[in-house]
Structure formats: structure tokens, C-alpha cells
A.B. asks: 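Handing you a structure now.
A note on names: the letters A, B, ... follow the listed sequences, proteins ahead of strands, and every chain is numbered from 1. Not measured: the values here are computed from a predicted model.
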Protein chains: 2
Amino acid sequence: MSLNEKITIADIAAHAQVSKSTVSRVLNETTPVAADKREAVLAAMAALNYKPNVFAQSLASGQSLSIGVLTQNFGSPVYDVIMRGVLLGLEETPYSPLFADGRWQPETEQKAIETFLDRRVDGLILIGGYCPEEVLVETARRTPLIIVGREVPGLHNHCLNVDNEQGAYAITRYLIDLGHQDIAHITGILAHEDAAQRLQGYRQALLDVGIEPHPDLVIEGNFRRQSGMMATEMLLLRGRPFSAIFCANDQMAFGARLALYRRGIRVPDDVSLVGFDDQPDSAFMTPPLTTIRQPAEEMGRMAAMAVLQLIKGGSPDLPLFQTELVIRESVSRHH
Amino acid sequence: MSLNEKITIADIAAHAQVSKSTVSRVLNETTPVAADKREAVLAAMAALNYKPNVFAQSLASGQSLSIGVLTQNFGSPVYDVIMRGVLLGLEETPYSPLFADGRWQPETEQKAIETFLDRRVDGLILIGGYCPEEVLVETARRTPLIIVGREVPGLHNHCLNVDNEQGAYAITRYLIDLGHQDIAHITGILAHEDAAQRLQGYRQALLDVGIEPHPDLVIEGNFRRQSGMMATEMLLLRGRPFSAIFCANDQMAFGARLALYRRGIRVPDDVSLVGFDDQPDSAFMTPPLTTIRQPAEEMGRMAAMAVLQLIKGGSPDLPLFQTELVIRESVSRHH
DNA sequence: GCTATTTCTGAAACCGATTTCAGAAAATGT
DNA sequence: ACATTTTCTGAAATCGGTTTCAGAAATAGC
């Protein structure tokens, strides 16, 4: 567009016959400016194709107009959707997101947070993660902070969560209502609140109809496909019969699906299979996976709004998001 | 850590009994500094837990130490891996990536590029996209630019690609060698070079063994799961028999898989199915998908290195990346 | 031992904005 | 019509660094 990339506020001031201060004022609308000068400035900016230097702005104003967003894994189905939500939520605001990947390693996470702070982000959104709670509490003291998918004691009003227990309860109940009694559960990493809550929902659903959950039917996975596969094999090995498997996320359901396929066990004819998350490709499993949808994009959006509110000094209220049962074809009535 | 976040270079200077200039010099290693002063400065920085203000640095130096990375879709299996590669490639450098999502919309893309330029990124990595070629050429003139997954005329030495034709040729040939003669192909969006190249590889492989590609067996998809499903249904409707389907990417293969499942057509017993990309979940398709792997992470890494070289004034040479046939279980010998 | 280099160093200008402050101009009150 | 308030405006300081420039100190040359 222009070869000379060096148009500064001084050029505009000169061109419009006003002072730099005035230019700054029409730029930021901090103080009213007489209509004619205002027009002149606007015209000059348009004529010279002026773009303010973000660094000068940030240095002078102390604001960076950026929000740090820390995910745990680029390519994780659910987190990616949350990130997209954040992106969307920030779209019409002056703020831009800065993304980083914590790779589920506390050290990496903390380094990323430090980097964000060094870059003077105005706010921080953390999605999941293992970062120690003290660090989070400390960080929240220094910076507007929203945490998605974790529940940190003492930071309740900073945490945005989905009702995991309710979701797990609902899908377990759905299986029960279709006649299943022996329902296996492959959990996530139980150190994560969400995994623990899903396990709790599963147990409660069983208990509520008078079924005592059997320890042989519960096995801990790590949320990854591979672990779903191995857990299923382990389950089969243990020998305690079951007619359905509830995986704590869809990725593990994919793993379970493969293990069953390898053994020639049909889904849903021989074993019913359900997951949690409703990640984008779950509708394309063979058979399409019945699962629990979490409003991930909506949560990302909300996280963005919330962090902006925190920046403005408000204190957003963060609802517990509700899940939805998505019925597809991986479950059949128990016979 | 510290309540007083305002430690500046002046504080360090005072504490170490030197001038600001000297502090700056030990910080940037631009000019040698006497050992004793150097130590004093380092000690002061450590004692006061000094963090340079990135904005001041960028403003003064004219460098932002950031690289803009434009993907087309957070959550796209292949692009996400490329992004991770970029992240890794930048890891040990002073540069940080800024990510944006073009959503496959030229306007969004261009806006994102403008935003990057406003933020004075030192370099730009574009992954895929529809942005008009003139814009790209212009952008490359202004800023170090690397484009992954597109071949833009006039910007050959800025484009990082995989040998799509070779990959498509190899996997088609693999099918042929197993006795398949009637091989359907669901293409990507043919306006994309990569889709066109994959189609070309498919055709060439057939022609090389004396098979004339039949137009009824080629159908254009759009790289998405849904389109793989619809294309397969269309293929079935057309009535021309085939024993294998080659999808231009794995996502469409998932769609095709579902369409076949719905019709009760077995994979690979009745129809063999192959894809392209080897996205992370392809190993967990039922049956696991035979496909072509592209070294996506490696490409992201290389893109990062290359853009850094461009920034330094070098001109990196960008190899055409080679693909690899990944044999799994979705193909059987034709009988 | 004295000049010619080389190596370090600090003062001051600069990067491109924002913001304070005080004064000028305009609007208001009576 | 004159004092008082309210609105606008520009000069100058500031944000926190980097970089130029010229001089001081140290080293080398002969």
C-alpha cells in the first residue's frame, strides 16, 4: 500500500494543522475536539493511511490491549473449540488474543504465564492445566484472570466450568434407562476435577437406581485415545461382563471403539459405547457416538467477556454451564 | 513475586552504579562491557527481579520479536500440527508467535494480516488460505513472509509445500498394486493447488498402468467430513462400480467411512478406503486408515526457521517435503 | 616514553504515542 | 457588559527502553 511505513502522529498533526495532543484526542476520544479540527485530523489520517504504533501506545498508556490465552495442546478437540470461542468473543473489541501452549507441563505453563506477564497482557485466560494452585492465586492477584475447566479453591469467581457431574449422571442414566446394568467407566486423569466429577456422576446414577458400582468396571485412563484402547483391553481381560462403556471423553471412546473392533465386538449390538465432550468428529465415528455435549465455544466466548469485565474492574458472575445429551447410534437397548 | 512491578532500567543503573546505556548493553550484548560492571548489572537485575518492558524495547528498537501465524481454522487436524511445529521452532529463539484464525474467508484473512502488520510483527507465516495472490505478493514485499501449503506464482522461494502429487501417486499405486482397477477419488476444493496436485497424482498413477480415469469416479469435495459423506453417497448413486476410494484428505475419508457404514458396505472387505494427511485420529478409525503422512510438524518447524532467516536477511531454501505411505487396515487386496 | 589505536562509558537524543497542566476561547450567568 | 464557568487546545513531560556521539581510559606501536 505505502512504501513509507513511517507515518506518525506528528505527520498527522502537521498535515491537519493541529498539535499532536489533538490528534491523540480524536484517536482515543478522551476529550472533545472541535468539529472542524476533528474532521481535518480524520481526513489527514485517511489521506496518509495512518496506523498508530501499537508499542508506543502501549508504552504510553500502560495497556497492551492483548489477552493471553493458555491452552494445553494445540490440536485438542475441545480446547481448540474453546479457543475459537475466545477468538470470537474478542472479535469486536480492541483486544487481541495471544495464544500459548502449556503442553500439560507445569513448568511450560508457568513459563508461558511469565512470558504473558512480560508482554504485559491486560488479562489472562487459562484453559485447563496443571499449574499449582498457589501460582494461580498469586497470578490472579496481579492480573485479571479467568480459568476455564478447573475449579481452584479460593478462586471460585474466576473459574468457568461445565456441570460435569450432571452430564455424567445424565448419560449414565440414559444407559440405565435402556436396560444396561453392568456399565463400565473409563475415567480421565482422576487428579483433574472434571474427571473426578464425571466419575462421581456415574457412580451417583448407578447408586440412585440401587446398583452398587463395581470396582472392576472402573478403570483410570488419561483422556487420550491410546488409553481408551488399553483400558478397554484391560476391562475385557478382567472378565467381569459389561454391556456398556462410558468413557470420560470422546477421545478415549475412539480408543475403546478400536479395541472392540479388534476383538470383533460389535458396537452397539454387543456393547454400547458413550463418551463425553461431543468433539467435532464424534458424529463420524462408526457408529456415530452418543455423547454429552459441552458448550465449548460458548464457554470460550464467556471467558473472553469475563476477562474484559475483570479488566474494567467489574466482577463477572460465571454460570455453571449445562451439558446436553446427544443421542446418536452407539447405544442399543440392552437385551 | 513482587508488588512493585515498576523496576526499570534506571533502577538497575542506579543500583549497579552505571548508566542506563551500560545496562542496555549488557542486556543486548551489543557492545562489550567491562567484566566488573557487567557483574554488577547482572547482580542488580537478579536482585530486583528486573524484566524489561517489551513495548519500550520494541518501540526503541523497531523490532517486535513476534511472528504472526495465520491459520485457517483452529481445530483443523493438519493445521494444528503445523502450528505446533511453528511453536516448537520458535521455542529457543527470542521470538514469540501471535496466532490468528482466517476462517477460510479472504476478508477475515486480510484483516488478520493487517492486524499483524499493525502490531509490527517481524515476520509472517501463512498456513493455507484464500488470500488473493496480489495481496500476498505485496505483503511479501513489505515483510518477511512464509506461506505453508500454497504455491503462489512469483513467490516460489516463500512457499513451503509437500509433494502432493507424489503422495497421491504413491497411494493410488498402492491400491493398484493390490489389484484395484476401479478406484474412485473424492477431491478437495480443486481451486486449491494441493487438491489439484493430488488429483493429478491419482490420474497419473492410473494412466501409468494403462487405466483411463473415469469421470464418474471422480467427485469434488471440500475437504470436510460432511462432504466426504455426501460425495460417497453420490458415487454410490452414480452406479459405476468401484472397489476402492481415495479421499484427498483424512477428514473426508471419515465422512466416506460413515456413508459406507450406513449402507452396510464393509471396509475393507467390500470397499477399500484411503485418505491423505495422517491426522492424529486416523489411526483410530474403524478400521485404522491407510493414508499418506505429511510431515506437518516438521513443516511448521521449518517455516519458523525460514522466516527467521528471512528476517536476518538470508534467503532460505525451502525443500519440497516428501510424504510417506502409512499402511494400516482399511485396504484389502482386490478379489 | 609518547603518539596512535582500540575499548568502554555516559549524556543526550530518539522511538511514537499519552497525559498533565495551564492558558486561550467560548459559553453562561446576572 | 463584565465576571465566571466550561470547553478546547498546545507545550512539555512521560512511558522505558536503544543508539549515536564524543570523550575517557586502556592498550598497542615503535
Side-chain angles (χ1 to χ4, degrees), chain A residues 2 4-42 44-45 48-66 94 96 117-122, chain B residues 2 4-42 44-45 48-66 94 96 115 117-122 311:
Chain A
S2 50
N4 50 340
E5 279 298 351
K6 304 156 189 309
I7 298 142
T8 76
I9 201 170
D11 300 318
I12 304 299
H15 195 279
Q17 314 254 49
V18 298
S19 71
K20 296 192 323 179
S21 323
T22 302
V23 177
S24 171
R25 289 195 258 261
V26 343
L27 207 52
N28 300 295
E29 303 184 323
T30 49
T31 304
V33 167
D36 54 339
K37 313 218 175 207
R38 183 192 173 69
E39 291 309 320
V41 169
L42 257 19
M45 298 203 300
L48 302 181
N49 185 31
Y50 168 70
K51 299 295 181 75
N53 181 311
V54 191
F55 302 121
Q57 288 190 137
S58 296
L59 176 58
S61 70
Q63 302 201 321
S64 65
L65 294 185
S66 60
S96 322
L117 262 21
D118 288 354
R119 297 218 158 225
R120 305 292 201 277
V121 293
D122 293 331
Chain B
S2 51
N4 50 337
E5 279 299 349
K6 303 157 189 307
I7 298 143
T8 77
I9 201 171
D11 300 318
I12 304 298
H15 196 279
Q17 314 254 50
V18 298
S19 71
K20 294 190 329 180
S21 324
T22 301
V23 177
S24 172
R25 289 195 257 263
V26 342
L27 209 50
N28 300 296
E29 302 183 324
T30 49
T31 305
V33 168
D36 54 340
K37 312 217 176 205
R38 182 192 173 67
E39 291 309 320
V41 169
L42 257 19
M45 298 201 301
L48 302 181
N49 184 32
Y50 169 69
K51 298 295 181 75
N53 181 310
V54 190
F55 301 122
Q57 289 189 137
S58 297
L59 176 57
S61 70
Q63 302 199 323
S64 65
L65 296 187
S66 60
S96 323
T115 305
L117 262 22
D118 288 354
R119 297 218 158 224
R120 305 290 201 277
V121 293
D122 293 330
I311 290 172

A.B. asks: With the side chain counted from C-beta on, respond yes when B:Ile9 and B:Tyr50 share a heavy-atom pair under 4.5 Å apart, and no when they do not.
C.D. replies: yes
A.B. asks: Can you name the side-chain hydrogen bond (donor to acceptor under 3.5 Å, both in side chains) partners of A:Ser24, sequence neighbours left out?
C.D. replies: A:Asn28
A.B. asks: Round to a whole Å and report the spacing from CD of A:Glu29 to P of C:dT19.
C.D. replies: 14 Å
A.B. asks: Figure out the CG/P separation between B:Asp36 and D:dA25, and round it to whole Å.
C.D. replies: 15 Å
A.B. asks: Using 0.5 Å steps for rounding, measure from the CG atom of B:Leu27 to the CG atom of B:Leu42.
C.D. replies: 9.5 Å
A.B. asks: How many whole angstroms separate atom CD of A:Gln63 from atom P of C:dG16?
C.D. replies: 21 Å
A.B. asks: Using a 4.5 Å cut-off on heavy atoms from C-beta on, say whether the side chain of A:Val41 contacts that of A:Val18.
C.D. replies: yes
A.B. asks: Supply the atom-to-atom distance B:Ile7 CD1 to B:Ile12 CD1, rounded to the nearest 0.5 angstrom.
C.D. replies: 7.0 Å
A.B. asks: At 4.0 Å (heavy atoms only), tell me whether A:Val54 reaches a base, stays on the sugar-phosphate, or touches nothing.
C.D. replies: nothing
A.B. asks: So what does B:Ser58 hit on the nucleic acid, given a heavy-atom distance under 4.0 Å: a base, only sugar-phosphate, or nothing?
C.D. replies: nothing
A.B. asks: Regarding B:Arg119 and A:Ser96, is there a side-chain donor-to-acceptor distance under 3.5 Å anywhere?
C.D. replies: yes
A.B. asks: For nucleotides 16-22 of chain D, read 5' to 3', which letter fits each nucleotide if B means a protein heavy atom sits under 4.0 Å from the base, S means only the sugar-phosphate is that close, and - means neither?
C.D. replies: BBBBB--
